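All of these numbers come straight from a predicted model, not from anything done at the bench. Numbers restart at 1 for each chain; the letters A, B, ... are given by sequence-line order, proteins then strands.
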Protein chains: 2
Amino acid sequence: MEHPQRRRRATVHDVAVEAGVSRGTVSRLLNGQRYVSDEARQAIEAAIVKVGFVPNRAARSLVMRRSQAIGLIVHEPHSLFVEDPNIGSILLGANETLSEADYQMATLIADSARDIARLGNYLSGGLIDGVIIVSAREGDAITRAVTRLDIPAAYVGHPRDIGDAAYVAIDNRSAAAAITTRLRETGRSRIGMIAAALDRDSGADRLAGFTDALGETFDPSLVESVPLYSYGDGQAGMRALLARHPDIDGVFASSDAVAAGAMDILQAAGRRIPADVGVVGFDDSSWAMRCDPPLSTVRQPAGDLGRAAAAAVLRQVEGAPAPGGGTVLDCPVVWRSSA
Amino acid sequence: MEHPQRRRRATVHDVAVEAGVSRGTVSRLLNGQRYVSDEARQAIEAAIVKVGFVPNRAARSLVMRRSQAIGLIVHEPHSLFVEDPNIGSILLGANETLSEADYQMATLIADSARDIARLGNYLSGGLIDGVIIVSAREGDAITRAVTRLDIPAAYVGHPRDIGDAAYVAIDNRSAAAAITTRLRETGRSRIGMIAAALDRDSGADRLAGFTDALGETFDPSLVESVPLYSYGDGQAGMRALLARHPDIDGVFASSDAVAAGAMDILQAAGRRIPADVGVVGFDDSSWAMRCDPPLSTVRQPAGDLGRAAAAAVLRQVEGAPAPGGGTVLDCPVVWRSSA
DNA sequence: GTGAAAGCGCTAACAC
DNA sequence: GTGTTAGCGCTTTCAC
């Protein structure tokens with residue numbers, strides 16, 4: 001506190017002097033190599049504590065061309081980042097795997113054009129060895145930057161324009177088909193869908209699964225497209241559907257939040273769930289159990305998604321021969337009482 | 001450990017050669033200094049594009065002793081990280097301010113002992129200029145590391161053991177007192193509290209505000225302590241309270257999620273809300289509007305918290321003389337119909 | 001086993 | 001205005 005300037009941090013040099021050895025020897029010990037005598041080791045360890053040495057990772061990264069850090073980019077619209085529990089689970093899962101491998105995960109938010117520009121710079125700056133990209137959209141500026149810079153990467157989700165980059169995804173299409181089929185089997189004949197985020201692979205695939213399941217009976221006017229996987233958009237979508245088809249008797253909402261919004265509108269309009277209308281969602285997030293009646297939905301293994309994506313970048317960073325390709329995780333249907 | 005033959009990135013040297021100038025000149029242009037001729041500037045700019053140059057931030061950090069990056073540490077139990085919308089809003093707010101100042105924000109998750117150990121190392125490694133700490137607890141290992149390493153820091157929340165470090169907090173105590181008073185004014189006489197997270201300053205302060213408001217009439221047996229600000233703990237807390245005091249007519253839950261859990265238990269037990277029991281929460285998160293009836297609660301300005309904390313670290317990083325002290329933000333009561 | 005020396009890619013003094 | 005020269009703190013041959 002006597003010096004306004006932050007005190008200079010100890011370097012390997014200081015440790016070496018204190019221990020009476022050379023910098024090389026200190027460095028060897030730090031990197032766990034053989035060929036350090038017990039005597040030297042003890043002197044160095046004591047010196048490290050004495051001078052309060054902490055290695056400078058910027059210097060280390062510079063020479064090793066490796067930072068032992070992985071970036072995780074979340075490119076979400078505002079509202080979703082705040083509300084979507086899947087994101088939190090993905091982060092935690094990825095962090096778990098990275099942490100075990102002794103990598104530091106740094107989550108980077110892409111929330112504005114400025115963020116995106118700065119990120120391009122940051123990613124190729126040598127501060128990060130690879131990157132996990134959550135919820136990229138097609139034509140995404142981040143995807144372009146990562147591809148151009150040739151940074152080891154793994155995507156959570158599977159936008160069509162990532163070439164042969166590694167990705168981890170769920171099979172949105174067949175999961176959507178499965179739950180739609182299940183809904184249909186409860187005897188519904190006028191099933192609608194609130195289709196959110198059609199600009200994302202997940203959104204588009206869920207719609208595709210829905211039409212798969214309905215086959216011949218599919219009626220495009222029973223699909224309402226909304227921008228986000230949000231509660232508010234679920235309400236809006238349901239209002240539109242109800243106006244067009246007052247006799248609707250089943251709804252597949254493309255996320256639990258959307259389903260929650262839809263259920264509230266339906267109930268406000270006097271429809272009983274599941275007696276009059278069966279509703280199903282997607283995610284098995286905390287929304288599902290908050291619905292009344294509890295929501296039938298598809299369980300998304302978000303933690304596993306994060307873990308697998310982390311393992312995929314790590315493989316590349318550690319020098320895997322092939323880029324990786326994709327991994328597709330299973331999503332069981334969780335049937336409750338909303339349909 | 002072999003690394004893949006990723007192609008060598010262009011350096012200032014390559015740019016200099018291509019443009020027919022010296023490295024110094026390139027560097028000057030990059031750092032926006034005067035004294036670069038128009039001619040040189042154009043040659044360099046062309047060369048940068050041609051060779052595909054992106055500055056190496058590790059090298060730059062090393063010499064400048066600055067990385068233009070700020071870490072944001074989230075030290076939350078698993079479930080909360082996934083469910084608490086405040087965290088997302090804080091992140092977004094902080095990122096906004098940091099981004100405007102052209103700093104990269106990197107969110108670091110402290111989820112295991114291993115994470116915490118690695119973080120200490122990472123923070124002092126020169127890859128980060130300062131740190132924002134969200135939801136530190138007292139006696140926190142992260143707090144100790146940050147203090148010991150003397151890293152510019154700002155806390156969101158106000159644990160008692162951060163010395164004179166900068167912090168941004170809300171006045172949990174008076175906000176809790178305000179909403180409790182409001183609840184009491186609806187004519188309730190047996191008001192209980194589900195007090196979550198008493199190991200945190202926020203949790204302890206909300207309880208203190210509750211007792212402030214009740215004064216003489218405070219009855220300790222009407223307080224049920226639960227570990228987390230979660231829906232599940234809200235249910236558990238309410239069950240306990242109901243068992244002890246079947247005649248309870250008001251509940252202050254220390255978060256909206258807790259309130260939601262409590263309401264569901266109350267309604268399952270046949271109590272009408274607000275007729276039989278008035279329930280109020282804290283946060284004004286998305287839970288509040290999902291409750292039926294909509295929850296009366298306290299609005300927490302999470303985005304502002306993030307913005308203010310970011311501004312506080314920035315001030316220190318840019319060399320403010322005094323450490324900063326605290327900022328306390330206001331939390332208006334949002335009255336709806338659950339009480 | 002250990003020290004000396006050569007950089008990693010960049011910026012900042014200081015000549016010219 | 002621009003080139004030259006030192007390093008920033010670290011790892012890593014390569015002699016000894």
**Prompt:** Are any non-hydrogen side-chain atoms of Asp129(B) and Tyr103(B) less than 4.5 angstrom apart?
**Reply:** yes
**Request:** Enter the distance from Thr97(A):OG1 to Leu314(A):CG here, rounded to the nearest 0.5 Å.
**Result:** 8.0 Å
**Message:** For a quick check under 3.5 Å, do Thr147(A) and Arg144(A) share a side-chain donor-acceptor pair by atom type?
**Reply:** no
**Request:** Mind checking Arg23(A) for me? I need base, sugar-phosphate or nothing, with any heavy atom below 4.0 Å counting as a touch.
**Result:** base
**Asked** Looking at Ile151(B), Ile70(B), Leu72(B), which one forms a side-chain contact (heavy atoms from CB on, under 4.5 Å) with Val131(B)?
**Response** Ile151(B)
**Request:** Would you mind classifying the nucleic acid contact of Ser27(B) as base, sugar-phosphate or nothing, using non-hydrogen atoms under 4.0 angstrom?
**Result:** base
**Item:** Side chain of Arg60(A) (C-beta onward), nearest among dG3(D), dC8(C), dC10(D)
**Value:** dC10(D)
**Whole angstrom value for the distance that separates P of dG7(D) from CZ of Arg65(B)** = 13 Å
**Request:** Select one nucleotide: of dC10(D), dG9(C), dG3(D), the one nearest the side-chain heavy atoms of Val12(A).
**Result:** dC10(D)
**Request:** Report yes if a side-chain nitrogen or oxygen of Ser22(A) is closer than 4.0 Å to either non-bridging phosphate oxygen (OP1 or OP2) of dG3(C); otherwise report no.
**Result:** yes
**Request:** State which of dT11(C), dT11(D), dT2(C) makes the closest approach to the side chain of Met64(A).
**Result:** dT11(D)
**Comparing Gly24(B) and Thr25(A) on DNA chain D - which has the more 5′ nearest nucleotide** = Gly24(B)
**Message:** What contact category does Ala58(A) fall into here, base, sugar-phosphate, or nothing, at under 4.0 angstrom with non-hydrogen atoms?
**Reply:** nothing
**Among dC8(C), dG1(C), dG9(C), the nucleotide that comes nearest once only the side chain of Ser37(A) is considered** = dG1(C)
**Asked** Within a strict 4.5 Å, meaning less than it, do heavy atoms of the Thr11(A) and Asp14(A) side chains meet?
**Response** yes
**Any donor-acceptor N/O pair under 3.5 Å between dT11(C) base and Arg28(B) side chain** = no
**Item:** Which nucleotide in dT2(D), dC10(C), dT11(D) has an atom nearest any side-chain atom of Asn31(A)
**Value:** dT11(D)
**Message:** Counting only side-chain heavy atoms from C-beta out, which of dG3(D), dC10(D), dC10(C) sits nearest to Phe53(A)?
**Reply:** dC10(D)
**Nearest-nucleotide pick for Val63(B), side chain only, options being dT2(D), dC10(C), dG3(C)** = dC10(C)
